[in-house]
Each structure stands twice: as structure tokens, then as C-alpha cells.
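Shown next, in C-alpha cells, is the structure this report addresses.
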Amino acid sequence: MSAFTTLELGKTPLSWPESYGGEQQPRMGFFTDTSVCIGCKACEVACKEWNEVPEDGLHFSGESFDNTGSLSANSWRHVAFIEQPTRVDGAEASGGDLRWLMSSDVCKHCTHAACLDVCPTGALFRTEFGTVVVQQDVCNGCGYCVPACPFGVIGRREVEDLPEVGGEDVLGLGTTHKCTLCYDRLKDGMEPACAQACPTESIQFGPLDELRERAQERVDLLHEQGVAEADLYGESPDDGVGGFGAFFLLLDKPEVYGLPPDPIVPTRRLPEIWGAAFLAGAALAGSVLAAVAGGSQ
Amino acid sequence: MSRGAGDLGAGGSDYQSYYGKPVIKEPVWEPVIPVYFFTGGTAGAVASLGLAARLSGNAALARTATYVDAVAIGVSPALLIADLGRPERFLNMLRMFKATSPMSVGTWIVTFSGLATGVATSLELFGRLPRAKLAAEVAAGALGPFLSTYTAALLADTSVPAWHEARRELPFVFAGSSAASAGAACALIAAPGPARPARRLAIAGAALELAAGSVMQRRLGFLAEPYKRGRGGALATAAKTLTTAGALTMGLRGRERTGAVAAAALLLAGSLAERLAIFRAGLDSARDPRYTVVPQRQRVDQRAATAA
Amino acid sequence: MGSNMAECHPVGFQWVMEAKLRGAKIVHVDPRFTRTSALASSYVPIRAGSDIAFLGGIVNHILENGREFRDYVVNYTNAPVIINEGFKDTEDLDGFFSGWNEEKNRYDNSTWQYAGMRVRGAVQDEETALSGEAVGYGGHGAGLEHGEPPEEDPTLEHPRCVFQLLKRHYSRYTPERVAEICGCSKEQFLEVAEALCDNSGRERTSAFCYAVGWTQHTIGVQIIRTAAIVQLLLGNMGRTGGGIMALRGHTSIQGSTDIPTLFNILPGYIPMAHAHAKQTLAEFVEMNASPTGWWGRLDAYMVSLLKAYFGARATAENDFCFDYLPRIDGDHSTYQAALGMLEGSVKGFFLFGENPAVGSANSRLHRMAMANLEWLVVRDLVEIESASFWHDAPELETGELRTAEIPTEVFLLPAASHVEKNGSFTNTQRLLQWHFKAVEPAGDCRSDLWFVYHLALRIREKLAASDDPRDRPLLDLEWHYPTEGPLEDPSADAVLREISGWDADGRAVSSFAELKPDGSTACGCWIYSGCYAGEVNQSARKRPGQEQSWVAPEWGWAWPSNRRILYNRASADPSGKPWSERKKYVWWDEQQARWVGHDAPDFTADKPPGYVPQTGAKADEAIRGDRPFIMQADGRGWLFVPSGLVDGPFPTHFEPQESPFQNPLYGQQSNPARQQLRHRLSPFNPTAGEPGADAYPYVLTTFRLTEHHTAGGMTRTVPFLAEIQPEMFCEVSPALAAERGLENGGWATIVTARTAIEARVLVTDRLAPLVVQGRPLLQVAVPWHWGTRGLSTGESANDLFGLALDPNVQIQEVRGATCDIRPGRRPRGRALRELVESYPHEQVHAR
């Protein structure tokens, strides 16, 4: 029984990976170990180059070395920089008491992916590798996936965000975009561009269960070394999205990196949501009947 | 700086964020979408009203309702298609039916509703095939309530705090708002006699809208802030005022021509304002990381405390 | 220290991360908390330019606490050697060594020599009237007439032995002094010193990595020297996990000094001949060779080089065409050349892959200089600022230049990139790595090799009928190389083979030991000799690491002779046994009667540990079997440098040319031997103690970013790189921002006596406010990647700096200077000059 489910018109619901029949693959993903990230942004550059993601603005942010800002339709890897004066005994930090957290954020390729659940055209789908990909020739840019994502990953490519680039069709204007886990490269047995470019193996690519094991070892080692604040984020299948396909080792609370502390896929509440809609509809019907039953004149 | 401006009053604790940036992404939809909620919601409620009117022999009201439905649902797809990133691909909405997507479900509801309404309207106009017309009216009327409430499910099924956490109340707000605008539109057009059920529906709808809205804000706690502050707050206040005034006017003066017009205008404006308020509040709640982080951090800390 | 490896060598830094994973401690000492500091085990802030105080403090700590690796120091360094009794230290002369000649502005080093003998530099220094350059690369080997110093004290007690002189020289570099001068805390300093000492010795070694944070100072070479002293005292040289790694600034910049693009050296660091005296080849060799050590074979290297240049035409009768080689008659370094352009004596200029309009100190001066040339040829991948200055230099805005009046004829020729040509890189760790052409260059783009080859062919054609003796050298050049492909690209492989050399039968040699002075061998660069051994392009070997030993000798080829660690004889004790099992690397195998181990032994293969040279032995035969530092005349690591450096045998803390602080240790403020180039376009800021110094209260330093490369031509033109660091900015601490009213994300104007530039402001805690000599010190740090061309444009940091240079190598001091900073954008047009001129210039020549 798969963790993934979806409903499609005209097909008997089959779970992943059985739905892929002979093309089945083990689930692949990322483990991003931010404790060894050097903030070089090779991942951002490799991703943009490989996937022909357009440059989206030359603006100095003043936010440490982060001039990318966040994940979006035009940034599928985003390196966050957080400068933290470390406090010693409550006193103000002095020279040298500093911590600089660096972390490469990416689409989580959730086990229960909100974007995929809400996509009305079927543009978003689950690949044979267990990753979530937008089919650019199907998406009509309804934008529903954008606010559905608990992490704010996926975005729609708007011409206003590309000041230096002309608005041509080839750039995928009007549709939504996000990390594909380099689906095309995986099909050819290669690893994603970001994982290949990362010099310190902060971005590790491989079968998800292997990565989870490795990550546990790494976090245990860090705890032994006295790095108590090291923690895995998104590795547990019991979390609100059923576990991430791309999970992390963080050195502080998720919100410090701009990540939600306790993300829950909205689909989990769908029974409630449909239930309330149904009841409200019934209430509306009831009001109508009552209004008419009172008679005219 | 990673430290966010901790607001000790709202939601409890001091919180952290990444340079105060949003955690989730706000919807890319333009205000045409809440306008569609208004038109589509009206269409749904008015189709039900028309069916009920037809079945109770109130032909005049039924006719009015049909024409209002035609206009409301006629304009709706145009609004929706215009807001697509790739409008020319709107038909891709009909590639599949996905129960986990309120937008998918809703697209089909709109499609069938629209077809039914189209049939009913044409037959009404040309005065032909009454049985076929009735069938179409039944279809539209049965789908009606869900046409009016699925949009609330659509908003609730996102990560937007002001919507998702209001998932139980929002459909009732939408139901009430749709009833109010449907009743108001019919009361505006139909003769006072036949329009009586419409007036009643308008008032009932307004009451439901206000009550559900109030419960919603109470239950949201500090997440209700976007409904109270800024543009969202201003629109919500306007909506409440207009709707209340409209309901009162409808109740006291609805039987007179001028009263009906005034009440209808107020209620229609109020209903539209309410949709815009909810839309705006949602955007604001998405933009401020506080609304995402604080409740989630509380959940995490609580779990940790229980586990300890 | 003096480097930012994670940001500037991110791919190499993965090995530091591997080491960290295995438990290595990483310490980063730097004026800024960088991405390297973020991953280090500990970070220590210091004032830019105070590194000798810090390192000297470590020397002092080692000696005061007896932490030196005694056996190593006694046997492998010149610690026991007794120095000339005329020697006076900076402790005696308040910042000077004995022998300072005030008029000539240089030292006479006769009192620095080993007692009882005359040490001749492998590169003679007193015959030349030129300061610095003649001995610039001459540290490698002084000529000890007898091979072993005549007076030594192995107990290291003699008051004039190097060990005691060293102790005395650094006796005032206490932890308190270090804290006072550098701005770090005593505790931070001691933690580093202790960690180093604890992690050195028989069982463990420590390594230093440095880059231009050390070199780009008027005391740059001496900073590195101090680290060398530390490493020699701790026994870390020539051992695995030890040593000093120079993190070079470009992919092939090591190669650019090996096969030099520098004015004063020939391939393999052979000095250029000077024009001051008519000199035969024999006289040249006599003057520059060392009787002992591997420099003793200079004649073989030189003749082989001349044979490579002139082929059959070079014969013993014509001194192997030695006369054909150009001579230098002065300091022709970059900055002198620029001054020459301004003066009109330099009329033409070739710029290959360099961008002085952005990348050289006082880049403004360089733009003005190039605007005075008659012609300029720029070969690059894009239109760089050094090619575009005539239409977009900031000096056009101020009215100092007018396009219509600039006489320079600029030829911009497109260059092929490294994927469009075959060739080698020689980078950090002396490693030659071959790169293969992947695509043909587009359009008119051509490689530098193609250009030079075909340019010479055309010039030779034009001169073919000439009978002017001046044209003979060009016409007599051996200039036949096979060409390939539709563009007639000369074969880089063939060139490499020539560089490696061949014997009388035309067969590739295996090492420089096979080179002969009789004209039977040819070799383009003796230190590269052997890179084509066995007729195989050794630099093109790419055997994966998993398929060979951990030393990986079959990946690329390191000079000399594919040795991966230099002086690795030092990894074994005097008897030839490894210092420890854990750290064994190269050792003496009694049975085979050879040196064996994990690397090519950096020692004569069959010279036993107990070997003692006979009297009159020459070159490498004059080195004992237990002296690993074979390039030195006495085979020892030099704690004290009697000859080879122009500014002193011991590194000494001096303030930068421009500093807000007076030197607390000596009356002499800055390095007395430093080069100071003054020009109307390049006045200095007044330094501490001079009138007007208060106008420039902040320390100014430069840095690099991962996202951009040097002058930015290759990165600010690429959208994905331009957008991740999109604008020129400066880093200031919150304290400085408060003091000067700067806002994060706003603008600031940085002012020096040269000019003022504007930059966005990044307020950050990473630039720690320090307390130096009891006063708060605030620093301004700027990246120097920006210029007027490209997608991301901005002002050039190098415009701010003056021309104070290290006297040994003429490198510019851009890592420590002073400035003022003001909120807001800079004035435009003439008003800019008015602002700058309203600030004081240095009136008195700084001492």
C-alpha cells in the first residue's frame, strides 16, 4: 500500500509505485545536511543553468548574502543565510561570538503533496521516482497549488518578475514552476544538477530510505560532538505531510530558516472541509425551502 | 535579522522568522476571484431559489431567478478564465475529476450548472419544452447549494492561515452571503408579491452570514487579526455594516419599491464586500509569517511538553 | 589565515570538511567572519595587517614554553647556526636590522651572514642597483662555499645562534601584546597557539592555508615567512598534514609564475639578466648559481632553456644565444609600467586575460595610464573595462578624460575559453592538470597560444629580409610547432613536451637531473622537466582516486618530478626512520639502499642518511644525508634568512603604509624597505601620527566573494552569477553604521586620498568591532569585483588604494589601508574631485 493516493477520472486508482508497472523505481530524494553547507550557491547556479530558469532580478537585498530571497517559480534552490550573535550568559555578543547558518532550501517533494492534491488539470503528477513534477504543457496557471503548499515553494512565473528578460512563451510564463528533482537527469541515471555541483556534499541524493539512515547517523554524531541543536526536519513519515522526499538537517528551529515548524498538508483536513461545505449547502437549501414555504404575497 | 518582532499579545509568544518574510506563498489570484465568489455564489443560491419557486408555483419568481442565474453564471467562467496564467488552456480543467481538489470539483459543478442554467434560460426565454426546462432547473437547483459553498472549501483547502483555520465556518459565511445576494437580486427585480420568498431568503442569508462570520472570528483567535486590521478589516467592517443595514431595510421597507432597491443594493454591496474582505484577509495572513509560525510553534511545543 | 578558503576555493574546501569529519580542528583567523569561519571549529578576529604580530606571538609562545619539536629543529633548521657578530636585531635598532642604507633605501646584508663565511645568494643582490626584484625569487638557496655553516651550537645556547636570536627577536610578542595589536583577546590567541602546539610533533601535524590576505601587504612575504618559522619550529614542514599551502587566486596563476609572465624571472624562477653589465653566460651562471644545493646546476637549466628557445642556432660558440635574451634595466613591474604609461615611456601594451582598470591597485591610475598609450591590445572573453575605458571610465564623468582626446588605439580581440582549447592549468599545490578542448571556438575567438604563435609567424615574415641585428633573436627562435584543426591551432601538447624537455636523441627526459649544460638537452622549464616523461603527457593522467594510493600520484603531475609534498625527507628522522608510524611518508630502506615511501622522495634517491659530503663537493652532492631542505645551500630550513629577502632576516611587525595606529613595538612605523610609488594620481593618506590622519579613521580591507571572480569579467556577465551577488557593497559593523549614520541596504561613499566610490551598505556583526591599543577599531571591508561592464555593474574598490608594495615581489598592499566612509551616494562630475581634494593627503613621506 503506497503512501501516495490520488483520484483520476477514467483510471482505476492504483497506488504508487504499482501504477508505474514495469517502470517502477525506488523512491529517490535529497538529504540536505546544512551543517556542512558553505553557502557557495553552486546549487542555485547549477539548477538555473540546467533547467534554463530565468534570472529574476539584480537586487541587493541587504539580507546577509541572500539575494535570492525565497523559493519561487524562478528560484528552485535557495540558499538562506542567518547571522546569529551567540549569546554567552545573556551578555551581548562580542567579536567572535557568532554563528552563520547557511542552508539550501528546495521543494520537499512531500509524500502527501498539497500542490498535487489540489491541481485540477493533473499537470502536477507523481513520477516513477516518487517525486512531484509539473507538466509544463498541461498547466494552465490556475495558481491553486501556490497557496496550497505549506512551505511556499511553488510559484507562478509572471512577466513582472523578469525585468531583464523578454516575455516569450519559451520561458513558461503563466504556468507554475518548481524543482523537478531533475526528472530528466534521473531518467538518464544521473543525479540532480545541484547534488552534483555541491562541493561539500551538503546536498546528498539517493534512495530515500538510505538517506534517512545516513541522516540519522549524522545527527547522532553531531549530538555526540555536543551540537545539541542539530535536528532532522522532514525525515519522519509521521509528520504532517507524511515525510519529505527532500528533508534536512538543521541547526536551529525551522522558522529561523523560513520553514514552517509543523507543516500539515491541507488535504488532511479535507473530510472536515467537504463536510462543512456540505452542511452549509444543506443549510442554504434549507433556508431556500423555508423562505419559499412561507408562501408568497 | 532572523528575529521577528515578537508580539506578546497576539497568539502568545515571541516568534522567529527569516527576515520577516512569508513562510507560505500568498495566492496569485486577482480580485476577480472574490468577485467570482460573489457571482458564482449568487448563481448557486438563486438557482435553488428558482427551483423552489417553480415547484411552489411562483412562476414570476422562478423566471426572475432564472435570468439572474443566467447573468451570474454567464459572467463567472469569464472571470475565472481571465485569471488563469494561460487562459487559452482553460479546457485542461476538464481533463480529470479530482475529489481532493475543490477547484476540480468546482469546475465540474460550474460546468454542469452552467449548462443546466443555459438550457433553462433559453427554454424560459422561448417559452418551450416546459418539462425539459424543469429538468434543467432541477439540475441547476440541486447543484446550486454546492456551487455556493464549494468556493469556501477551495479557500479552506490551502495553507493560508486565515482561511484554513476558518474551514468550518467559511462555508456557512459563503452560504449566507450567497443567500443574501441571491435574495436581494431577485427582490430588486421581481414584483413585491412574488418576491416575498426572496426577501425572506435575503434576510435569512444575511443573518447566517453575520452569525457565521462572528463565530469564525471568535474561533480564529489571534488569527482573526487580518479580518480586523488593515484593508481586510476595513472591508470586513464595511461588509458587516452594509449587510446589517441591508437586512434591516429589507425587513422593514422591503415591500416598497424604493425600500427593496435600497435594501438590495446594500445587501449586494455587503455580500461583495464580504468576499473581498475574506480574500484580502487571506492575503494578509499569508504575508505575515507570524500567522503561520506562531500556531505551529505552539503545537510543536505542546507536543514536546506532553511527551516530556 | 589570510585566506577564505570556503568562499574562494569551495571545491578544494571539501577536503577541509572531510578532515573536519575525521576530527580535525579548523581555526580561522581573519578580520571578517566569513563563510570559512562559519564552518571552522573556531574563529579569531584580528585587525587587517597585524598577522606578523599574531604569528610572532605564536613563535614566542613556542619558544617560551619549550614547545618546539627539538630533534627536528636542531637537525633540520638553521637554529644552531651562529650568525655574524655584526648582526643587530630590530630589538637593538628600534625596528631596523643592521645594514640599513638610508640613501639607497635598502639593506646591505653582509652582517646577516653566517659567522665565518660569506653566503652568496643564489641570486646575487648587491651587484644590482635595483631594490627587490633581483633577489625576489632568490630565497631558494644561498651559496655556502663549504656546504655546512662553519659555526654552530647544537645545544642552541650560544647567544648569537639563530635559535637565541629568534627568541630575542620575538620576546616582546607576548599574548598581551598580541591582543593589543591584533584586537583579539588574549584567551583567543592562546587557544590557537596551544592548539597548534598540541597538534604538532611526531604523531600529529598542523597545516596553514593562506592566500592574498597575507601576500597583499607591504610585509606580505614576511607574514608568510613567520608562518614558515612556526612550522619549522613545530616540525610540520615536509610532513603529511603539515606545511603551508598557498591558495592561489586563479586557476593557473601558479603556472603564471612557473612559466612566468613576470618581468624579472625566466621559466623555473631563473632570474632575468640585467642590462647593467655586459655579461657572458658563464658570468651570469656564476653570479646566480649556488655552489651547493640544486641551484648548483643552474648552468644546465639555463643552457637547456636557451636550446629550447633557439634550437640548433644556439651553440657553445655563441654562448647558446644568451645575448639574444632581453635584459631588464629597472623595475618593470605592473605599477612601474603604469607609471611609465603616464610618463609616456611605455607606448604600447598587450593585455591577455587581465583587467587593470578594475583589478590593479589604484585602478583609476591604470585607466588614466592606458588612456595615454598609443596602442593597446586586449584579448579577453568579453569587453572588459580595460578595453572600454575610453567610452565608459568614471574619469569621463569627472572631465579628467575626454573620449575624443584619448589617443589610445584599442584592439579588442576575442579570446577562446578554456573549454575551447587544449592546455594545462597549474594551480595551488604545483599541480599540472590538462584540460581538453570540448568545442571549437566560435567566430574569431582564438586561444592565447594560437595568437602568440601566429603573431610571431607574421612578424617573422615581415622581418625575413631584415639584416638589422636587433631582429635576429626573433628570426632565430625555434618556432616550429605542429598545428591542428581548421584554425591551425598549435599543438599545446607539443609545447608541453618542449617545456618538459628532451635529450640529445630527441627523447623526452624524465627529470631535470638529466639536463646538461653542454647543449645536448633542451628544456623549456626545468622545474617542469619530466612532465612528459616516457613520451606521455603526465599532466593529462586522470586516474580516479579510488583506484590508486591516497597520495594519488597518477592524477595530474606536480612539479618537481611529481613530488606531492616538497622536502618530504623531513618526514623521516636524521637516521631515515619515520618520526612515527602514523605519519610515515618517505623513509630510507636499508636493503634497497634507497629512499622509498608513499611519494616521490624529494631527495637524491640513493643518498644514505649518513652521507657526509667531501670537501669541494658541488650542487646536490654538497648536501648531507640528513638535511632535507635541498634547495637551500646548507640543506636546512631557514629560520633566519641571511640572504634572499630584502627587508630582513626575521619577520617584524610593521604597520601598513596607511594605518590609524602607531607601531607599539618599534619607533619605525612601517616596513622601511617597502616600495612607495607616489604620483599626482596616487598620493597616500596620512598615517598615524601624521597631520590629517584623523580624516581616515577606519581600516579599509578588500575581500572576495564566491559568486564572483576577480575583476568580474567572467561572472558579472553571467545572469545566474550576477543575480546572486548583484551589486557592489561594503561591509560595516553596527557600531560603525551608528557612528557614521549608515543604513543597511542604503548607500555609502568611501573616501581615500585617491578617490571616493559608492557602494550599497551591508551592516553585519561579522565585522567585529575590535579594541586595538586601547581604542575601538572599526573596519570597512569591500569586495573588489565590480566595474562598469556587464549585467551587474558598480564602482571598483581598487580605485581607493595607493601604491605601497612589498619590496620582495612588488605586490600591492590592498588588504590593509585607511579610509573614511559617509552615508549616501557620491557626488557626480567635478564635485567628486572636489570632495576628494577636500580631504588631506600625506605631507611628510611616511617612514
Side-chain angles (χ1 to χ4, degrees), chain A residues 6-9 63 69-70 80 82 84 114 117-122 138-144 146-152 155-156 174-175 253 255-263 266-267 269-270 272-274 276-277 279-285 287-292 294 296-297, chain B residues 2 16-19 21-25 27-29 45 48-49 52-53 56 58 84-86 89-90 92-93 95-101 103-104 107 145-146 148-150 152-153 156-160 164 167-168 171-172 175 179 193-194 196-197 200-201 204 286 292-293 296-297 299-300:
Chain A
T6 189
L7 209 57
E8 278 190 31
L9 189 66
E63 288 160 359
S70 62
I82 302 124
Q84 295 178 332
D117 286 344
V118 303
C119 175
T121 61
V138 173
C139 175
N140 63 10
C142 78
Y144 198 11
V146 177
C149 174
F151 305 94
R156 193 170 71 183
T175 53
K253 300 197 200 116
E255 55 264 42
V256 169
Y257 296 85
L259 296 163
D262 190 32
T267 322
R269 306 294 176 41
L270 213 40
E272 255 180 78
I273 292 171
W274 279 137
L279 285 174
L284 177 54
S287 316
V288 167
L289 288 173
V292 166
S296 45
Q297 297 305 5
Chain B
S2 63
Q16 289 174 292
S17 73
Y18 184 70
Y19 302 105
K21 287 171 152 28
V23 173
I24 63 167
K25 282 207 178 347
V28 296
W29 301 320
S48 301
L49 179 62
S56 70
N58 190 339
L84 291 175
R86 299 291 292 268
R89 291 182 180 179
F90 73 94
N92 284 357
M93 292 299 209
R95 285 177 86 242
M96 55 164 43
F97 173 81
K98 194 186 273 187
T100 55
S101 170
M103 191 180 283
S104 176
T107 301
F146 305 108
S148 298
T149 56
Y150 93 87
D157 194 21
T158 63
S159 294
V160 176
H164 187 65
R167 57 190 174 273
R168 293 184 193 164
F172 291 94
R196 193 143 157 243
R200 279 196 221 115
L201 183 63
T292 304
V293 173
Q296 291 189 19
R297 174 47 52 194
R299 281 204 301 264
V300 175

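Residue numbers begin at 1 in each chain, while the letters A, B, ... track the order of the sequences. All values below were derived from every heavy atom in this structure, side-chain atoms included, with hydrogens, water molecules and symmetry-related copies excluded.
- Summarising the geometry, atom OH belonging to A/Y144 is positioned 10.0 Å from atom CG belonging to A/D117; distances are rounded to the nearest 0.5 Å.
- With respect to chain A, the highest number of heavy-atom pairs below 4.5 Å among B/S48, B/A52, B/P145, B/S159 belongs to B/S159.
- When each of A/A285, A/S287, A/C119 is checked for heavy-atom pairs under 4.5 Å with chain B, A/C119 comes out on top.
- Separating the CD1 atom in A/I273 from the CG atom in B/D157 is a distance of 4.5 Å, to the nearest 0.5 Å.
- If you measure heavy-atom distances from B/A286 to chain A, you find no contacts under 4.5 Å at all.
- Separation of atoms CZ (B/F172) and OG1 (B/T149) is listed at 9.0 Å; rounding is to 0.5 Å.
- No other option in A/A114, A/A277, A/S70 has as many heavy-atom pairs under 4.5 Å with chain B as A/A277.
- Residue B/Q16 holds its CD atom at 8.0 Å from CZ of B/R297, rounded to the nearest 0.5 Å.
- Taking each heavy atom of B/P194 and B/P197 in turn, the nearest pair found is O-CD, 3.1 Å.
- Each of A/P150, A/P147, A/P260, A/A276 has some count of heavy-atom pairs under 4.5 Å with chain B, and the biggest count is that of A/P147.
- Looking at A/A283, the atoms closer than 4.5 Å to chain B (heavy atoms on both sides) all sit in the side chain, from C-beta outward.
- Only the backbone of A/L259 has a heavy atom closer than 4.5 Å to any heavy atom of chain B.
- Per-residue heavy-atom pair counts under 4.5 Å with chain A were compared for B/L49, B/V160, B/L201, and the maximum is reached by B/L201.
- Interface remark: A/C149 contributes backbone atoms only to the contact with chain B (heavy atom separation under 4.5 Å).
- Ranked by heavy-atom pairs shorter than 4.5 Å toward chain B, the options A/T121, A/N140, A/V138, A/V146 are led by A/N140.
- To the nearest 0.5 Å, atoms NZ (B/K98) and OG1 (B/T107) are separated by 11.5 Å.
- The most heavy-atom pairs under 4.5 Å with chain B, out of A/G174, A/A280, A/G141, A/G143, come from A/A280.
- Separating the CD atom in A/E255 from the CG atom in A/D262 is a distance of 10.5 Å, to the nearest 0.5 Å.
- Of all the heavy atoms in A/P120 and B/M96, the pair that sits closest is O-CG, 3.5 Å.
- Both the backbone and the side chain of B/A156 come within contact range of chain A, each with at least one heavy atom under 4.5 Å from a heavy atom of that chain.
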